[in-house]
Amino acid sequence: YLAATLAEAYRPELDQEKNVWRSLPFFAATLALQLTVLVQLRGWLGGASGPVAWAAMVLLDFAGTATLAALVFLALSILPANFEYVARDPDLLEQARRVWANAAIRPGATEASVAETTLTTLKADLVRELADVTANNHLVNRRRADCRTKAGLAMLMSICMTVALVALAMLRSV
């Protein structure tokens with residue numbers, strides 16, 4: 001039961017590793033859209049004066065700071081991580097041979113008792129290994145998800161500031 005439960009918990013943690021990369025196109029598209037808007041507003045920004053210019057600069061500063069924060073958090077979310085994996089098949093086979101050999105040299109060992117000891121030992125080792133690697137991978141994924149969430153919030157803030165800047169330009173142009 002433990003082996004099946006832990007194996008079930010192990011798989012999603014490996015899938016989570018790929019989620020960071022799946023979200024990157026969203027951030028790239030959002031950044032491209034914001035840059036396009038800012039290029040369109042370049043002339044208006046240069047001609048603004050007084051309180052409107054001050055408000056535009058504040059919005060632009062907030063948008064730039066939020067975008068920079070989003071990029072930093074995104075970078076933190078894709079930093080190389082120490083993912084752990086269960087033993088590779090050749091390693092597992094070698095471990096089974098060692099356990100079998102150790103069980104076989106016990107006095108009074110029969111083929112059935114050696115097989116049972118080997119199976120029990122390997123299952124216990126696998127359960128322990130699955131628990132360890134799943135816990136490690138969960139921590140890595142949690143850190144990455146937290147950074148990605150902060151990047152998303154910072155990008156949302158940047159978008160809001162850019163929209164406010166566009167609204168200011170439109171109101172001022174009317």
Side-chain angles (χ1 to χ4, degrees), residues 1-36 38 61-163:
Y1 172 78
L2 282 175
T5 301
L6 289 169
E8 203 171 300
Y10 173 72
R11 284 184 207 94
E13 293 302 331
L14 292 181
D15 289 341
Q16 279 292 96
E17 180 183 13
K18 298 174 185 99
N19 280 348
V20 171
W21 299 101
R22 290 180 189 134
S23 65
L24 291 181
F26 161 76
F27 288 102
T30 303
L31 187 56
L33 180 62
Q34 284 185 284
L35 289 174
T36 302
L38 292 176
D61 285 345
F62 278 135
T65 301
T67 299
L68 182 62
L71 292 173
V72 168
F73 285 123
L74 242 145
L76 290 173
S77 76
I78 62 172
L79 282 176
N82 186 23
F83 266 89
E84 294 179 3
Y85 304 94
V86 292
R88 297 178 316 120
D89 292 345
D91 296 337
L92 193 57
L93 184 58
E94 182 56 36
Q95 181 184 2
R97 287 183 181 134
R98 281 194 310 270
V99 171
W100 182 277
N102 287 337
I105 60 173
R106 292 185 182 155
T110 64
E111 180 133 356
S113 70
V114 170
E116 185 176 330
T117 299
T118 302
L119 183 60
T120 303
T121 303
L122 289 176
K123 279 184 179 181
D125 289 349
L126 182 60
V127 164
R128 190 172 28 261
E129 187 175 357
L130 276 169
D132 289 345
V133 301
T134 301
N136 174 76
N137 295 351
H138 179 73
L139 288 175
V140 169
N141 284 329
R142 183 65 189 204
R143 180 191 59 79
R144 285 180 161 183
D146 287 347
C147 287
R148 196 170 64 241
T149 298
K150 289 174 185 173
L153 289 172
M155 189 59 76
L156 180 60
M157 181 60 86
S158 179
I159 292 167
C160 288
M161 295 299 111
T162 303
V163 168

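Note that this is a predicted model, so its numbers are computed, not measured.
- With rounding to the nearest 0.5 Å, the separation of CG in Leu38 from CG in Leu33 is 9.5 Å.
- When all heavy atoms of Ala109 and Ala103 are compared, the closest pair comes out as CB-O, 3.5 Å.
- Salt-bridge annotation for Arg128 and Asp132: absent, with no side-chain N of the basic residue lying under 4.0 Å from a carboxylate O of the acidic one.
- Interatomic distance, Met157 CE to Leu153 CG, rounded to the nearest 0.5 Å: 8.5 Å.
- To the nearest 0.5 Å, atom CG of residue Asn136 and atom CG of residue Asn82 are 5.5 Å apart.
- Of the candidates Leu119, Thr118, Leu126, Leu122 forms a side-chain contact (heavy atoms from CB on, under 4.5 Å) with just one, namely Thr118.
- In this structure, CZ in Phe73 is found 10.5 Å from OG1 in Thr149, a value given to the nearest 0.5 Å.
- Other residues, nucleotides and ligands contribute more than 12 heavy atoms inside 6.0 Å of the CD atom of Glu94.
- Between the CG atom in Leu24 and the CG atom in Leu31 there is a gap of 12.0 Å [rounded to 0.5 Å].
- A pairwise comparison of heavy atoms in Leu74 and Phe27 identifies CD1-CG, 3.1 Å as the closest pair.
- The minimum heavy-atom distance linking Cys147 with Ser77 is given by the pair CB-CB, 3.7 Å.
- Between Leu76 and Arg143, the closest heavy-atom pair is O-NH1, 2.8 Å.
- Thr121 places a side-chain N or O within donor-acceptor distance of the main-chain N or O of Thr117, the cut-off being under 3.5 Å.
- Remark: the backbone N or O of Thr162 is not paired with any side-chain donor or acceptor of Gln34 at under 3.5 angstrom.
- One N or O on the side chain of Arg144 and one on the backbone of Leu79 form a donor-acceptor pair closer than 3.5 Å.
- Across all non-hydrogen atoms, the minimal contact from Ala63 to Ser158 is O-OG, 3.1 Å.
- Using a 4.5 Å heavy-atom threshold, the side chains of Glu129 and Asp125 count as separate.
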